[in-house]
Amino acid sequence: MASYTQEDDKHYREYGPGCEIGSFPKDFVYGPDDPDQDISLIFAPDQKPKILLMGLRRSGKSSIQKVVFHKMTPNETLFLESTNKIESENISNSSFVQFKILDFPGQIDFFEPSFDSEKIFGGHGALVFVIDAQDDYMEALNRLHQTVLRAHKVNPHLRFEVFIHKVDGLSDDTKIVTQRDIHQRANDELVDAGMEQIHLSFYLTSIYDHSIFEAFSKVVQKLIPQLPTLENLLNLFISNSGIEKAFLFDVLSKIYIATDSSAVDMQSYELCCEMIDVVIDISDIYGKDEGTQVPFDKDSSSIIKLNNATVLYLREVSRYLALVCILREESFDKQGLIDYNFLCFRRAIQDVFDVRKLQLQQLTNSLSSPLLQNSHSNGPTT
Ligand SMILES: Nc1nc2c(ncn2[C@@H]2O[C@H](COP(=O)(O)OP(=O)(O)OP(=O)(O)O)[C@@H](O)[C@H]2O)c(=O)[nH]1
């Protein structure tokens, strides 16, 4: 992170917003290397990582997808109809949040000849298995076991994420007991089958609070190869700016794609989510209608001072990415320093995007090269 001198501070205070240090120049435009500009064109749908949503009927799969990615309110999910065929959707919110999500009907039968396991479980991605915690979960555990064994056989690199869902109906004690029981039974069955090397991650979730967004954030983060770099950049940024916690958010879904390495507490995450809601709602109601999917652009920023001497600070990073920070009020006295460091952080993120774009371009070129196509169609030569 570039060091910040007294002179920089003076410059910032003299010229205020609009000067080079501290805020983007007013005439800032997305250049050709805008991270979000054409990456979705480079990223062919079948190269995208995928998230498979599986589980018994009525466990809550479609509700999760609708609440996280379509802003559906939890109560509206009461009227969702049962899914009767595999529904696939491309999520391309920002360069880092690029994946295909597949919602499976609860009654799907893996042993049907029409079920192409190689195609479904193959590739880079995660399988999210949803268990209704308000129901008897023995059948769900049985199905989880079969699904995991089948999927692992086809693709040993697939990640397994288990959502112990609808926990809003359980007391705190029951939540813990249920999680322990499901965890124990699922792992015991794997051990009995001689597959103890398969790792299952468990999350307690509900669409009625932020737990579903938090859990989905963790699932998505595991699919982002640049995660350690993003985390390092955030660590550098906060330690040089007197910030306590920073989240890099996908504004459309409120998934956080990275945070610094200090522990995440649910309350901080909720506060940051609520800040995004406030900013988007106010801009939506009172801002200029520019026909964008969400009212969020290069000028979007917000400062909220809380009554416990804490400040929430939001800045736009790229089209649908925002940095939301939590800091002590006294640290915010050096806003010039924070803003300068933010600019450095933003540039570094841009560099990460550029490298990613280049890699994808090389990948696409190599896939479309005639030599490779030949070798694919003819099989390996000896
Ligand atoms: N209490 C509670 N109910 C939920 C939650 N998530 C989903 N539901 C309810 O569960 C019911 C079934 O949800 P769906 O999303 O249709 O379930 P599904 O797994 O997609 O069902 P199929 O399409 O039949 O496989 C709906 O009435 C939802 O409102 C939750 O977190 N808590």
Side-chain angles (χ1 to χ4, degrees), residues 50-91 99-112 114-115 120-121 125-148 150-151 160-179 181-183 186 200-220 253-255 266 269-270 273-274 277:
K50 50 189 173 185
I51 296 181
L52 314 174
L53 276 178
M54 292 189 164
L56 294 186
R57 289 186 69 167
R58 312 302 289 159
S59 54
K61 303 176 289 297
S62 311
S63 310
I64 294 174
Q65 188 187 357
K66 298 286 179 201
V67 169
V68 176
F69 296 105
H70 295 275
K71 299 270 158 275
M72 187 178 267
T73 61
N75 285 336
E76 282 174 291
T77 65
L78 291 168
F79 309 105
L80 279 177
E81 287 189 5
S82 203
T83 315
N84 46 32
K85 62 176 178 31
I86 303 172
E87 285 178 6
S88 159
E89 188 187 4
N90 276 313
I91 308 286
F99 53 83
K100 195 152 92 170
I101 188 159
L102 291 115
D103 183 5
F104 286 78
Q107 71 279 15
I108 196 144
D109 181 3
F110 304 132
F111 298 99
E112 248 184 42
S114 61
F115 188 88
I120 286 175
F121 296 129
L127 190 157
V128 174
F129 194 92
V130 184
I131 297 180
D132 181 347
Q134 292 187 14
D135 202 7
D136 176 15
Y137 47 76
M138 288 309 158
E139 196 193 335
L141 277 174
N142 193 12
R143 176 57 78 98
L144 168 69
H145 184 66
Q146 289 172 14
T147 312
V148 166
R150 179 86 188 228
F160 297 107
E161 318 280 358
V162 183
F163 285 8
I164 303 170
H165 192 53
K166 305 194 190 177
V167 291
D168 47 278
L170 309 183
S171 68
D172 285 349
D173 287 347
T174 322
K175 275 185 205 172
I176 296 169
V177 173
T178 309
Q179 180 172 20
D181 191 38
I182 291 181
H183 186 285
L200 308 177
S201 305
F202 295 87
Y203 308 83
L204 290 169
T205 57
S206 163
I207 52 169
Y208 286 93
D209 57 34
H210 288 89
S211 57
I212 193 63
F213 295 93
E214 231 239 319
F216 231 97
S217 301
K218 296 207 171 125
V219 171
V220 171
S253 60
K254 286 187 290 176
I255 279 178
M266 195 62 178
Y269 173 65
E270 281 176 15
C273 282
E274 272 158 21
D277 283 339

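Quick note: numbers below take in every heavy atom, side chains included, and nothing from hydrogens, waters or symmetry partners. Whatever order the structure lists them in is the order used to number ligands and atoms, beginning at 1.
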Compare Lys166, Glu76, Met72 and give the one whose heavy atom is closest to atom 11 (C) of ligand 1.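 The residue whose heavy atom sits nearest atom 11 (C) of ligand 1 is Lys166.
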Can you check which of Ile64, Leu53, Ile207 brings a heavy atom nearest to atom 5 (C) of ligand 1?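 It is Ile207 that holds the nearest heavy atom.
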Atoms in ligand 1 flagged as close to [X], the criterion being non-hydrogen separation under 4.0 Å:
X: Ser206; answer: 31 (O)
X: Thr77; answer: 26 (C), 27 (O), 28 (C), 29 (O)
X: Arg57; answer: 24 (O), 25 (O)
X: Leu78; answer: 27 (O), 29 (O)
X: Gln134; answer: 1 (N)

Judged by atom type as modelled, is there a donor-acceptor pair below 3.5 Å linking the side chain of Lys61 to the main-chain atoms of Leu56? yes
Is there a donor-acceptor pair closer than 3.5 Å between any side-chain N or O of Glu161 and the backbone N or O of Val219?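 The answer is no, because no donor-acceptor pair under 3.5 Å joins these two groups.
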Which residue owns the protein heavy atom closest to [atom], what's the atom, and how far is it?
atom: atom 21 (O) of ligand 1; value: Arg58 N, 3.0 Å
atom: atom 18 (P) of ligand 1; value: Lys61 N, 3.5 Å
atom: atom 17 (O) of ligand 1; value: Gly60 N, 3.1 Å
atom: atom 13 (O) of ligand 1; value: Ser63 OG, 3.2 Å

Counting C-beta onward and ignoring hydrogens, is there a side-chain heavy-atom pair between [X] and [Y] closer than 4.5 Å?
X: Asn75; Y: Tyr208; result: yes
X: Phe216; Y: Thr205; result: no
X: Leu52; Y: Phe121; result: yes
X: Ile207; Y: His165; result: yes

Ligand 1 and [X], any nitrogen or oxygen pair closer than 3.5 angstrom?
X: Ser82; result: yes
X: His165; result: yes
X: Glu81; result: no
X: Pro74; result: no
X: Thr83; result: yes
X: Gly106; result: yes

Can you tell which part of Asp168 has a heavy atom less than 4.0 Å from ligand 1: side chain, backbone, both or neither? side chain
Taking side-chain contact (heavy atoms from CB on, under 4.5 Å) as the criterion, tell me which of Leu53, Ile64, Ile131 meets it with Phe163.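 Result: among Leu53, Ile64, Ile131, Ile64 is the only option passing the side-chain contact (heavy atoms from CB on, under 4.5 Å) with Phe163.
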Could Lys218 and Glu214 be called an ion pair, given the rule that one side-chain N must be under 4.0 Å from one carboxylate O? yes
With a 4.0 Å cut-off on N to O distance, would you call Lys254 and Asp277 a salt bridge?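 Yes, Lys254 and Asp277 are salt-bridged.
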Is there a heavy atom of Gly169 sitting under 4.0 angstrom from any atom of ligand 1?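 Checking ligand 1 against Gly169, which is what was asked, there is no heavy-atom contact under 4.0 Å.
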Sub-4.0 Å heavy-atom approach of Lys66 to ligand 1: no
Ser171 and Asp173: side chain donor to acceptor below 3.5 Å: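 Judged by distance alone, the side chains do not pair up.
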Tell me yes or no: between the side chains of Glu89 and His70, is some donor less than 3.5 Å from an acceptor?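 The answer is yes; a qualifying pair exists.
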Measure the OG1-CZ distance between Thr178 and Phe202 for me, rounded to the nearest 0.5 Å.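 Between atom OG1 of Thr178 and atom CZ of Phe202 there are 12.5 Å.
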